[in-house]
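Below you'll find the structure, written out as structure tokens, and then a few comments.
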2 protein chains.
Amino acid sequence: METRELRYFVAVAEELHFGRAASRLGIAQPPLSRAIQQIERHLGAVLLERTSRSVSLTEAGAVLLREARAALDAVEAAERRTRRAATGRPGLVLVAKAGASAELLAKLLDAYAAEPGAVAVDVQLCAIAEQERHLRDGRADVALLHRPFDSTVGLDTEELLTEGQVAVLPAGHPLTTRKSLTMAEVAEMPGLPLPRWPCPDGSYPSGPGPEVRDHAQLLQLIALGRAAAVLPESAWSQLRGDLAMVPVPDAPRVTTVIAWPPHSRSRAVAGLVHAASRL
Amino acid sequence: METRELRYFVAVAEELHFGRAASRLGIAQPPLSRAIQQIERHLGAVLLERTSRSVSLTEAGAVLLREARAALDAVEAAERRTRRAATGRPGLVLVAKAGASAELLAKLLDAYAAEPGAVAVDVQLCAIAEQERHLRDGRADVALLHRPFDSTVGLDTEELLTEGQVAVLPAGHPLTTRKSLTMAEVAEMPGLPLPRWPCPDGSYPSGPGPEVRDHAQLLQLIALGRAAAVLPESAWSQLRGDLAMVPVPDAPRVTTVIAWPPHSRSRAVAGLVHAASRL
DNA sequence: GCCCGTCGATACCGCACCGGTATCGGCTTT
DNA sequence: AAAGCCGATACCGGTGCGGTATCGACGGGC
């Protein structure tokens, strides 16, 4: 099967509408209909149930959607990594959540730079839940992830740090005088909803809190008195004067891990991981 | 990039000869030359150094070869898994090395069959080093692997059993009277070389021993007095009357694991792993 | 109840591109 | 110096992709 066909199928499966999928792909609708039929003939399977009013995935279609996304990521990764290898500069790209693990990251970069044979490390800060995708499609070589929030499925990892979490509140909030809080108390603070983080697919769960892409956004919203949050202790180093923190002992402990795609066995990645593992 | 292009590149990169690659692909040589040029133009990178006498991979070409193989596996897996999903029969395919972990496998299948909601399990026995590929290209859902021999990189795993290894010798061999042997002693037995196992790419390392694909082959060669081997203790259950075993305490311990592709989060796989984890 | 709008499928057509044959140009071998 | 091997180039024909036009089925509205 060709990647063109996979791209076409993914577009239709995501839009569940041939016309919209076609315009998203920049082609007309009829060739798209034909291409999907050809895929179905090739696989000997019905992938989409279609009436003139609705399009829906069959079970086989759902499987192909999941697998096709992975395959397209792999193809994209192949292109990107080849282009990067061709430039000759063997630099590493590391992604981390903007605003998270700042201290740890600094120590890691220092430690690695001191190693013999260290190469340049290009640090990219991205939105929550974006790092995994960057690793999978070849835009990055290594990532700092946070269990249990980020999925590390299919990646090789090394644990770096486990820590508890704290509630981050606007300075002057009544509860800032407390020595500790429970998750239940934090979740039910009137007027201070917890923010909504993006899901891996980029959508947001529904609920009362504000939609948030990274820590900087979040801290600003808290300072404005529009939200509260429960964050790893190390977020402390980022705290501005207009914020306060209170430990939340019953929040799940957070483990920061360094992760890399399993088959990228480059010297440079190994060196960085080695430096990380003995911080 | 299209999978056709990736296939073409892989063929040339493996053959390092345009003519042979073309005939392997079933096309003529000129279109292949053009296709490679087109890929190089598309990526903006030189992938192959060619003179009229030799073809060799550049560094970028080596990266693309590795990544392209992974990408093609992912595409193939997408097709296969979709076809399997379309049949409606939600059977699982489990691969194991022929002749290895026979007892464990039997217990596992029994335990899983007793679980509520168990589906049919299709057991495929294959050659050494083939299981990983079966998982990656969608021919199988789960595999029994043996660390440290098999690579589990990029797979999710659960440990099942760790055991020591024993030397397997022809019955009546002088050393069968010993209570134990060392690796060094086994490696240097005159006239009884250790066999050569295939590498992940299907080739064999060079050396004195016979080339061997699976345990049945190996045991027969040992019985014939043409080889000796060091195998996990559980191979004991397979031993015929014409073979003997002696413990080898300093051989690395072998861990049998059940492995599955990380993004295949099907109910059935989860059930099988669950059954396996509490054997 | 008829008309109209929506949406996927079909019909048909032109052109890009893939794959084929013929040939060239460079290099090695004898 | 001649011959052979091998990748690149030139050129050509056919497949198939993508386009426009249209059909047919289904719903909703006045």
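Sequence lines set the chain letters: A, B, ... in the order given, protein chains first and strands last, and positions in each chain run from 1. The figures that follow rest on heavy atoms only: side chains count, while hydrogens, waters and symmetry mates do not.
No side-chain donor-acceptor contact under 3.5 Å links B/R69 to the backbone of B/V10.
For B/F18 and D/dA8, the CZ to C1' distance is 9 Å, given to the nearest whole Å. As rounded to whole Å, 12 Å separates atom C1' of C/dC17 from atom OH of B/Y8. The distance from atom CD1 of B/I36 to atom C1' of D/dC6 is 15 Å, rounded to the nearest whole Å. A straight line from CD of A/E49 to P of C/dA9 spans 12 Å, rounded to a whole angstrom. We find that CZ of A/R4 is positioned 11 Å from P of C/dC18, with the value rounded to whole Å. For A/E5 and D/dG18, the CD to C1' distance is 14 Å, given to the nearest whole Å. At whole-Å resolution of the value, CD in B/Q38 and C1' in D/dA8 are 15 Å apart. One can place CG of A/L32 at 10 Å from C1' of C/dG8, the figure rounded to the nearest angstrom.
B/R34 comes within 4.0 angstrom of a base, heavy atoms only. Residue A/E2 is classed as having no contact, given no heavy-atom separation below 4.0 Å to the nucleic acid.
Minimum heavy-atom separation, A/V46 to A/A60: O-CB, 4.1 Å.
Residue A/Q37 has no polar side-chain atom (N or O) positioned under 4.0 Å from OP1 or OP2 of C/dG8. Here B/Q29 does not reach the OP1 or OP2 of C/dT21: none of its side-chain N or O atoms lies under 4.0 Å away.
The side chain of B/H17 lies closest to D/dC6, out of D/dC6, C/dG8, C/dC18. Taking the side chain of B/S33 as heavy atoms from C-beta on, and the options D/dG18, C/dG8, D/dA8, the nearest nucleotide is D/dA8. Comparing C/dT10, C/dT21, D/dG19 against the side chain of B/A28 picks out C/dT21 as the nearest.
For A/E76 and A/R7, the salt-bridge test fails: no basic side-chain N is under 4.0 Å from an acidic carboxylate O. Ion pair B/R24/B/E15 flagged as a salt bridge, since at least one NZ, NE, NH1 or NH2 atom sits closer than 4.0 Å to an Asp/Glu carboxylate oxygen. Using a 4.0 Å cut-off between charged nitrogen and carboxylate oxygen, B/E40 and B/R50 count as a salt-bridge pair.
Residue order along DNA chain D, read from the 5' end via each residue's closest nucleotide, puts B/R50 first among B/R50 and A/P31. Of the two residues near DNA chain D, A/P30 and B/T51, the one whose nearest nucleotide lies more 5' is B/T51.
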